[in-house]
Amino acid sequence: MAKKSVFITPSILSCDLAHLQDEVTSIESYADWLQVDVMDGHFVPNLSFGAPVLKHLKTSLPLDVHLMVSNPKERLKEFFAVGAKNITFHAEAVASTADRKDIISHIHKAGATAGIALNPGTPVSAIGDVVDEVDLVLIMSVHPGFSGQKFMPEVLGKVTALRKAHPELMIQMDGGIDSLTAAECKKAGANNLVSASFIFDAQDRKGAIEALRTA
Ligand code: DX5
């Protein structure tokens, strides 16, 4: 799936949502994907936004939807309708293999790629049943729910193990990623880095994205 050495994926969670269009336009020439963090106040202790916010957003960046919700299957359609390129759901939210495969197949049938995410405390073995069917695995490097948290280096071992077993897999990391932690993520084998505050809080957003790319 990944042809570039690393994808840089800004997350709109920490942009100025009152000026979403301008914020996205400010980074779109430099980034590869755009991540939309969907939270339901149940799977994570925070609420964010859903597909209606994206309906009128104009961007050339592929939309990467990170579903931090307890009922991902019921939320897929609204993101198909806004043209999501990738949809990632959490392993912790969907326990059964049959349900996971069903979600992945729905995503593929809609023409998108499918990802599965692991919270910091969830081992890679928890997705052994579907790792060969997904296009992307997201290794969270913070407890999901908020931007601006500190990177958890203890998750890097999961990335190393996953990369060793799956040389072609897109491995995304998300949480506390800056120019220093990005280097650790890449060294472990991640090839898609999500970042919210490091990019959107920067005076020089282009420079911040380039710093992640070259870390
Ligand atoms: C965390 C979200 C992340 C978050 C990252 O729940 O999934 O995408 O926005 O924020 P930073 O990059 O500020 O840690």
Side-chain angles (χ1 to χ4, degrees), residues 6-17 20 23-24 26-27 30-51 53-54 57 59 61-70 72 75 79 84-93 115-122 136-156 158-159 170-186 188 190-213 215:
V6 63
F7 277 49
I8 305 299
T9 305
S11 154
I12 61 172
L13 191 61
S14 56
C15 79
D16 177 353
L17 289 169
L20 178 61
E23 292 283 83
V24 170
S26 78
I27 52 90
Y30 317 114
D32 300 297
W33 282 6
L34 186 71
Q35 190 174 83
V36 180
D37 282 313
V38 180
M39 304 180 186
D40 63 355
H42 183 259
F43 181 73
V44 288
N46 196 7
L47 272 174
S48 58
F49 27 73
V53 169
L54 306 172
L57 179 69
T59 181
L61 292 174
L63 290 179
D64 174 27
V65 177
H66 176 194
L67 291 177
M68 285 165 274
V69 302
S70 299
R75 302 295 303 273
F79 294 100
K85 145 82 186 155
N86 180 73
I87 301 182
T88 294
F89 65 99
H90 268 262
E92 300 83 5
I116 192 158
L118 294 178
N119 281 338
T122 307
L136 173 156
V137 174
L138 165 55
I139 302 292
M140 291 301 302
S141 39
V142 296
H143 295 291
F146 302 89
S147 58
Q149 302 182 78
K150 197 169 175 307
F151 183 79
M152 298 171 71
E154 56 270 38
V155 305
L156 288 167
K158 292 198 282 187
V159 178
M170 182 170 268
I171 303 178
Q172 186 177 61
M173 290 187 72
D174 180 6
I177 295 181
D178 59 23
S179 51
L180 293 177
T181 55
E184 295 179 57
C185 298
K186 285 158 81 171
N191 55 354
N192 187 322
L193 304 180
V194 178
S195 179
S197 51
F198 181 71
I199 294 173
F200 283 106
D201 293 355
Q203 292 290 335
D204 174 8
R205 292 174 175 176
K206 177 185 178 190
I209 291 171
E210 288 315 309
L212 295 176
R213 204 181 286 291

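Start at 1 and go down the list; that is how both ligands and their atoms are numbered. Keep in mind that this is a model prediction, so the values were computed, not measured.
Residues Ser48 and Asn46 have side chains that never bring a donor and an acceptor to within less than 3.5 angstrom of each other.
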Would you sort out whether Asp64 and Gln172 count as a side chain to side chain donor-acceptor pair (under 3.5 Å), showing the intermediate values? CA-CA 11 Å; Asp64 174 27; Gln172 186 177 61; 2.9 Å; yes
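Across all non-hydrogen atoms, the minimal contact from Pro10 to Ile209 is CG-CD1, 4.4 Å.
Listed by chain and residue number, the protein contacts of ligand 1 are Ser11, Leu13, Gln35, Asp37, Met39, His66, Met68, Met140, Pro144, Gly145, Phe146, Ser147, Gly148, Asp174, Gly175, Gly176, Val194, Ser195, Ala196, Ser197 (heavy atom within 4.0 angstrom).
Qualifying salt bridge (Lys or Arg N to Asp or Glu O under 4.0 Å) partners for Glu92, counting only residues two or more places apart in sequence or in other chains: none.
Here the OG-CZ distance, from Ser14 to Phe198, works out to 12.0 Å after rounding to the nearest 0.5 Å.
Using the six-membered ring where Trp is involved, Trp33 and Phe7 have ring planes that are perpendicular, over 60° apart on the 30 and 60° scheme.
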